[in-house]
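Reading through the structure tokens given below for one structure.
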Amino acid sequence: QVQLVESGGDLVQAGGSLRLSCAGTGLSFRDKHIAWYRQVPGKQRELVAAVNAGIAYPYYADSVKGRFTISRDNTKNTVDLQMNSLKPEDTAVYYCNAGGSGGVSSGQYHYFGPGAYWGQGTQVTVSS
């Protein structure tokens, strides 16, 4: 049975940092496209960052580029999202997703969309 468990969400002041972690059981993260999404009430879930299956090329949404870093630990089967210089607009429930699709072309990773597996989410609140 596949299970994704997010952790690390918290209340933090603007300019601060948080590190989210997604732990997977029942599947190998090394062989999957893993992504972080976020959602605020009344809005669609949006892609934040993703990491390629195999060689861990990253992808970042423009809104977080330069501030967030996605990383994968194959031995722990986790994917972390280091979030720096947080802004109030980063406030959302953050979800981990596994099993999506993507590809690498000319050294650039293109993430096509989510897979079937979602975690339960972790709340990030950034106060101004």
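Note that this is a predicted model, so its numbers are computed, not measured.
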Full working for side-chain contact (heavy atoms from CB on, under 4.5 Å) between Gln82 and Ser71: CA-CA 8 Å; Gln82 177 66 41; Ser71 61; over 6 Å; no
Steps toward side-chain hydrogen bond (donor to acceptor under 3.5 Å, both in side chains) verdict (Thr91, Glu89): CA-CA 5 Å; Thr91 295; Glu89 51 263 43; over 6 Å; no
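Judged by distance alone, with hydrogens and angles left aside, the side-chain atoms of Tyr60 form a donor-acceptor pair with the main-chain N or O of Ile70 at under 3.5 Å. Under a 3.5 Å cut-off, the side chain of Glu6 and the backbone N or O of Cys96 do form a donor-acceptor pair. Checked by atom type and distance alone, the side chain of Gln13 never pairs as donor or acceptor with a backbone atom of Val126 at under 3.5 Å. Of the possible polar contacts, one joining the Arg72 side chain to the Asn52 backbone as a donor-acceptor pair under 3.5 Å is found. With hydrogens and angles disregarded, no donor-acceptor distance shorter than 3.5 Å links the side chain of Asp73 to the backbone of Asp80. Looking at Asn97, its side chain never comes within 3.5 Å of a backbone N or O of Pro114 through a donor-acceptor pair.
A single hydrophobic cluster is seen to contain both Leu86 and Leu81, as judged by linkage of ILVMFWY side chains at heavy-atom distances under 4.5 Å, directly or through other members.
Between Trp36 and Phe68, a ring centre-to-centre spacing not shorter than 6.0 Å is recorded.
A salt bridge links Asp90 with Arg67: the distance from a Lys NZ or Arg NE/NH1/NH2 to an Asp or Glu carboxylate oxygen falls below 4.0 Å.
Within the 4.5 Å cutoff, no side-chain heavy atoms of Tyr94 are placed close to those of Gln39. Counting only heavy atoms from C-beta outward, the side chains of Val64 and Arg38 approach each other to under 4.5 Å. A 4.5 Å side-chain heavy-atom check between Thr122 and Val93 finds every atom pair outside the cut-off. With a 4.5 Å cut-off on side-chain heavy atoms, Thr25 and Asn77 do not count as touching.
With Tyr95 as the aromatic partner, Arg45 meets the cation-pi criteria of under 6.0 angstrom to the ring centre and within 45 degrees of the ring axis.
Applying the ring-ring contact (aromatic ring centres under 6.0 Å, His included) test between His33 and each of Tyr57, Phe112, Tyr59, Tyr109 identifies Tyr109 as the sole match.
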